[in-house]
Amino acid sequence: MKPRVHAAIALSLGLLVATGCSTIGESLGFSTPTNPLNKNAKAIRDTAPVPAPVPRELAMGLLPAHVVEAGDTLLVQPVELDSPVRLPPDQPVQPDGTIDLGQYGRPVVAGKTLPDVEVAVREAIRAKSKAKEGEPVAITVRLLAKPGKVFYVLGEVNAPGAFPITGHDTVLSAITQAGGPTRRASPQNIIVSRPTAPEGCRIVLPVCYTNIVQLGDTSTNYQLMPGDRVFIPSKGTFEDILGGRHRRPGPCDGPQVSCFSGGCGPTAGGYAPATGATVPVPALPSANQ
């Protein structure tokens, strides 16, 4: 019997070598994670309140007014079709922050909002034209493209990358755009990191992905802002084997209460403790939410 056992062990080791120990070890959770969660990021994440006081699904906010930057494309044109002013219509903002208005010069527009750009263009036209002081020069400026305004989805997703901000992006829509989590992803450790100044504090928000997907809990389905980083870390050692049994209490372990049980208090995501009060079943959100 022993020779057979030894032969089986030798065969298993041979298969490990032939197929790649790292691949099998990774699938079983034995190897070092490819995209580990930084200990500092985890520590800051664990200090964030759940739900964090930021806009999220069903409670979206408006993005700040767009500030023009190099790489944007503007549409600059007179309001009146019969205006004697002739301008190149599509205006890419150059690396030095200017646009080319032809005979009217190259005003600097980077760092300005669109209303401020309209003022700068009107002044440039007035300086080069025969328009009298106080005579209106009706110009409209529209934003055609803003390639610099993006969010990032990184780590254990099938198609990581930078994606353009639309104003109604959430963690769930971002991960979906990136092809969804891979089989190596750790869904209970996903984070959103918001850019801050080098000398400032850090903003790292916990994402309860399984609650978002399986419970419809919008508490951590944050609205994304320009520059946000959604990071999906790899599973840690034994996470594949033990699942949630090895986990310590974390930001995604709050109680969840069914809206049909009659014990759900007024809450923005199911994290309020049960009060015993009878609450009407919430209506489905409208299409514009």
Side-chain angles (χ1 to χ4, degrees), residues 35-65 149-157 160 162-163 165-178 180-181 185-234 236 244 247-259 264-275 279 282 285 289:
N35 295 284
L37 185 62
N38 181 289
K39 65 178 182 179
N40 292 328
K42 185 175 182 180
I44 296 174
R45 176 204 65 179
D46 290 346
T47 65
V50 177
V54 295
R56 59 176 58 81
E57 184 185 0
L58 304 184
M60 295 281 198
L62 298 177
L63 297 185
K149 301 300 183 185
V150 299
F151 61 85
Y152 306 89
V153 185
L154 306 167
E156 294 293 349
V157 286
F163 302 87
I165 282 282
T166 64
H168 52 81
D169 311 283
T170 64
V171 173
L172 180 58
S173 66
I175 295 175
T176 302
Q177 287 184 71
S186 178
Q188 70 268 28
N189 285 309
I190 297 174
I191 59 172
V192 173
S193 299
R194 189 147 289 170
T196 53
E199 67 281 0
C201 56
R202 303 290 171 243
I203 301 174
V204 180
L205 304 174
V207 175
C208 307
Y209 183 74
T210 54
N211 293 356
I212 294 172
V213 175
Q214 299 182 25
L215 297 173
D217 182 357
T218 63
S219 300
T220 62
N221 194 21
Y222 310 111
Q223 179 183 6
L224 297 182
M225 301 295 168
D228 277 359
R229 290 92 157 136
V230 182
F231 180 69
I232 297 84
S234 305
R247 291 172 53 192
R248 297 178 181 177
C252 294
D253 294 327
Q256 296 284 342
V257 181
S258 170
C259 291
C264 182
T267 172
Y271 280 93
T275 61
V279 181
Q289 283 185 304

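Numbering of residues begins at 1 and proceeds along the displayed sequence. FYI, side chains are in, hydrogens and waters are out, and symmetry mates aren't considered; it's all heavy atoms of this structure.
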- Message: Hydrogens and angles aside, do N189 and R45 bring a side-chain donor and acceptor to less than 3.5 Å of each other?
- Response: yes
- Query: Can you find a pair of side-chain heavy atoms, one from D217 and one from Q256, that are under 4.5 Å apart?
  - Reply: yes
- So do T210 and I212 actually touch side chain to side chain, heavy atoms under 4.5 Å? no
- On a heavy-atom basis, the closest approach of P55 and G61 is CB-N, 3.8 Å
- Query: Side chains of Y222 and P206: closer than 4.5 Å at any heavy-atom pair?
  - Reply: yes
- Note on the structure: Applying side chain to side chain donor-acceptor pair (under 3.5 Å) to T176 and not counting sequence neighbours gives none
- Task: Measure across G167 and Q223 and return the closest heavy-atom pair with its distance rounded to 0.1 Å.
- Result: O-NE2, 3.0 Å
- Query: What are the two closest non-hydrogen atoms of P181 and A185, and how far apart are they?
  - Reply: CB-CB, 3.7 Å
- Query: Of the non-hydrogen atoms in P195 and P226, which two are nearest, and what is the gap between them?
  - Reply: CG-O, 4.1 Å
- Any side-chain heavy-atom pair of V192 and V204 under 4.5 Å: no
- T218 side chain to R56 side chain, donor-acceptor N/O pair below 3.5 angstrom: no
- Query: Can you tell me how far the OG1 atom of T220 sits from the CG atom of L205, to the nearest 0.5 Å?
  - Reply: 9.5 Å
- Message: Run the ring pair (Phe, Tyr, Trp, His ring centres under 6.0 Å) test against Y209 and tell me which residues pass, sequence neighbours left out.
- Response: none
- Message: Can you give me the closest heavy-atom contact between V157 and A178, atom names plus distance?
- Response: CB-O, 3.7 Å
- Task: Taking salt bridge (charged side-chain N to carboxylate O under 4.0 Å, His left out) as the test, write out the residues that go with R194, two or more places apart.
- Result: D228
- Between V230 and I175, is any pair of side-chain heavy atoms under 4.5 Å apart? yes
- Task: Mind checking the OG-CG spacing from S173 to N221? Nearest 0.5 Å is all I need.
- Result: 7.0 Å
- Sort out for me which residue in I165, D169, V54, L63 forms a side-chain contact (heavy atoms from CB on, under 4.5 Å) with M225. L63
- Item | Side-chain heavy-atom pair I191, S193 within 4.5 angstrom cut-off | yes
- Task: Consider only side-chain N and O atoms of S234 and E156, and report whether a donor and an acceptor are under 3.5 Å apart.
- Result: yes
- Taking it one step at a time, do V153 and I232 satisfy side-chain contact (heavy atoms from CB on, under 4.5 Å)? CA-CA 8 Å; V153 185; I232 297 84; 3.8 Å; yes
